[in-house]
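Input: a single structure, listed below in structure tokens.
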Amino acid sequence: MNTSFDPKKHPHRRYNPLLDEWLLVSPQRANRPWQGQREESAEENRPEYDPDCYLCSGNIRANGDRNPEYKGTYVFNNDFGALLNEEVEFSGNHSGFFTLLPERGINRVVCFSENHSLTLPEMSVEHIKNVVDVWQEQFNELSALDHINYVQIFENKGSIMGCSNPHPHGQIWAQSSIPAMVQKTQDQLKSYFEKNKRTLLEDYLEQEITAGERIVTENEHFAALVPFWASWPYETMMISKQKRENIAAFSEAEKESFAAILKDLTTIYDNLFETSFPYSAGIHQSPTDGKEHPEWHFHMHFYPPLLRSAEVKKFMVGYEMLAEPQRDITPEQSAAILRNLSTIHYKKK
């Protein structure tokens with residue numbers, strides 16, 4: 001006699017419509033004993049000003065330039081950018097096994113605050129709104145350049161995610177090509193829009209709000225949820241409730257709501273293991289290639305690496321690298337855990 005399928009107990013695959021990919025969910029593995037690597041907890045008691053920090057106000061950076069005595073946000077071109085903003089002549093290989101093409105772009109660093117000790121969840125909504133304002137201004141400025149076709153806004157938080165400086169900051173990479181993952185998402189969004197005359201994320205968010213089980217937090221203009229197809233243990237996605245192709249379309253009220261939900265979600269993350277919670281987070285929005293993109297719907301991904309505690313990290317290895325993503329705890333379970341956490345930071349309790 002066959003056993004009735006239960007997604008809380010039995011292995012199954014889930015489809016990711018944004019990337020046209022599948023992942024394996026193995027809930028029966030969640031209780032396995034752990035004898036793997038444990039990370040050291042990072043020191044959280046940082047000073048408001050660090051004379052050795054190259055991002056702090058007034059300090060000298062590695063290239064010899066001195067930061068101004070800034071308050072709040074500060075933006076500068078990355079001293080060691082992955083892209084160069086110079087046009088080059090190229091007559092090389094465009095096809096075959098050894099295909100390459102030059103890539104032109106601009107890398108910028110966005111300091112969120114002059115206070116070295118802060119992270120987003122410890123900042124006020126007003127101060128986070130200033131960061132959102134800068135993101136919008138930078139998007140508008142960079143998207144106006146003829147050779148810039150995509151603007152990627154992101155933050156790596158925590159040394160475990162490769163962040164080389166704990167000062168609160170993020171990055172912007174603006175480039176002449178549409179990055180591979182964004183292009184893949186665009187193809188999926190465009191296919192859905194052409195068929196349904198609505199964005200994929202409009203319909204998806206509507207169904208998620210109706211279901212409720214994967215919603216973590218929401219406000220008037222945004223919802224944060226654990227995607228049905230999430231691969232990281234506590235992965236979330238933030239989606240605008242109104243269809244907006246990019247951050248340039250946000251009103252003042254929407255920017256305030258965006259700042260508020262950023263504070264709430266990142267506070268929930270910190271409260272999960274009562275630590276400064278690491279993640280890679282980034283905004284996905286329409287390309288800046290001068291074309292119409294009615295298929296796009298603003299959203300932001302959060303990919304945190306922690307699995308069981310502040311010391312136990314989720315690694316993408318073995319099967320995940322060779323076959324497809326895999327997770328143990330179900331998205332519904334992680335959403336319930338996050339949803340039940342306070343939006344008051346644990347340090348203030």
Side-chain angles (χ1 to χ4, degrees), residues 1-39 158 160-161 181 185 188 200-201 203-218 223-239 264-266 268-275 277-281 299-342:
M1 181 177 178
N2 291 335
T3 303
S4 297
F5 171 71
D6 183 346
K8 297 178 182 179
K9 298 178 180 178
H10 298 128
H12 58 279
R13 297 173 80 211
R14 297 193 183 198
Y15 179 66
N16 180 347
L18 287 179
L19 295 177
D20 188 27
E21 293 179 352
W22 290 84
L23 75 145
L24 176 65
V25 182
S26 309
Q28 79 284 356
R29 280 166 44 95
N31 295 322
R32 65 191 173 116
W34 182 262
Q35 293 183 316
Q37 177 171 322
R38 293 180 178 272
E39 306 292 332
I160 196 174
M161 295 306 289
M181 190 172 296
T185 297
Q188 291 297 105
L200 185 154
L201 289 177
D203 289 345
Y204 172 65
L205 182 58
E206 184 178 287
Q207 291 189 31
E208 283 286 23
I209 290 175
T210 298
E213 62 181 340
R214 284 174 294 275
I215 299 290
V216 175
T217 185
E218 61 180 309
L225 54 86
V226 177
F228 176 79
W229 53 83
S231 55
W232 293 91
Y234 292 100
E235 175 183 337
T236 58
M237 181 166 62
M238 199 178 292
I239 308 172
D264 284 349
L265 181 61
T266 53
I268 287 170
Y269 274 146
D270 276 14
N271 287 344
L272 178 59
F273 298 130
E274 295 195 348
T275 189
F277 204 84
Y279 56 72
S280 282
H299 57 288
M300 185 172 186
H301 294 282
F302 284 79
Y303 299 123
L306 299 186
L307 175 61
R308 296 165 179 253
S309 69
E311 292 79 32
V312 177
K313 180 182 177 182
K314 164 67 177 178
F315 290 92
M316 291 290 185
V317 297
Y319 183 87
E320 290 104 336
M321 295 179 71
L322 297 165
E324 65 187 17
Q326 182 272 336
R327 61 179 291 142
D328 296 344
I329 182 176
T330 68
E332 294 75 30
Q333 289 171 318
S334 59
I337 291 169
L338 294 174
R339 185 168 54 246
N340 290 326
L341 293 167
S342 173

Between [X] (side chain) and [Y] (backbone), is there a donor-acceptor pair under 3.5 Å?
X: Ser334; Y: Pro233; value: yes
X: Asn271; Y: Ser342; value: yes
X: Gln188; Y: Pro17; value: yes

Measuring from atom [atom1] of [X] to atom [atom2] of [Y], what distance do you get when rounded to the nearest 0.5 angstrom?
X: Met321; Y: Met316; atom1: CE; atom2: CE; value: 11.0 Å
X: Met238; Y: Phe302; atom1: CE; atom2: CZ; value: 4.5 Å
X: Ile329; Y: Tyr234; atom1: CD1; atom2: OH; value: 4.0 Å
X: His299; Y: Leu201; atom1: NE2; atom2: CG; value: 5.5 Å
X: Ile215; Y: Ile239; atom1: CD1; atom2: CD1; value: 7.5 Å
X: Ile268; Y: Thr217; atom1: CD1; atom2: OG1; value: 5.0 Å

With Leu24, which of His12, Glu320, Gln326, Arg14 fulfils side-chain contact (heavy atoms from CB on, under 4.5 Å)?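 The single option meeting the side-chain contact (heavy atoms from CB on, under 4.5 Å) with Leu24 is Gln326.
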With Arg214 as reference, evaluate Glu332, Arg339, Met237 under the side-chain contact (heavy atoms from CB on, under 4.5 Å) test and give the passing residue.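 Looking at Glu332, Arg339, Met237, the match for Arg214 under the side-chain contact (heavy atoms from CB on, under 4.5 Å) is Glu332.
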Step by step, would you call Trp229 with Leu23 a side-chain contact (heavy atoms from CB on, under 4.5 Å)? CA-CA 7 Å; Trp229 53 83; Leu23 75 145; 3.8 Å; yes
For the residue pair [X] and [Y], establish whether any side-chain heavy-atom pair is separated by less than 4.5 Å.
X: Pro227; Y: Tyr204; result: yes
X: Asp264; Y: Val216; result: no
X: Thr3; Y: His10; result: yes
X: Lys313; Y: Pro305; result: yes
X: Leu338; Y: Tyr269; result: yes
X: Asp328; Y: Leu307; result: no
X: Thr236; Y: Leu225; result: no
X: Leu18; Y: His301; result: yes

Can Glu235 and Arg327 be counted as an ion pair, charged N to O under 4.0 angstrom? no
Can you give me the closest heavy-atom contact between Pro27 and Pro7, atom names plus distance? CG-O, 3.6 Å
Considering all heavy atoms, the nearest Phe277-Pro304 contact: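 Closest approach of Phe277 to Pro304: CE2-CB, 3.1 Å.
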Which is it for Tyr319 and Glu324 under the side-chain contact (heavy atoms from CB on, under 4.5 Å) test, yes or no, and what are the steps along the way? CA-CA 7 Å; Tyr319 183 87; Glu324 65 187 17; 3.7 Å; yes
Give the C-alpha distance, both sets of side-chain angles, the deciding distance and a yes or no for side-chain contact (heavy atoms from CB on, under 4.5 Å) between Thr185 and Leu19. CA-CA 5 Å; Thr185 297; Leu19 295 177; 3.4 Å; yes
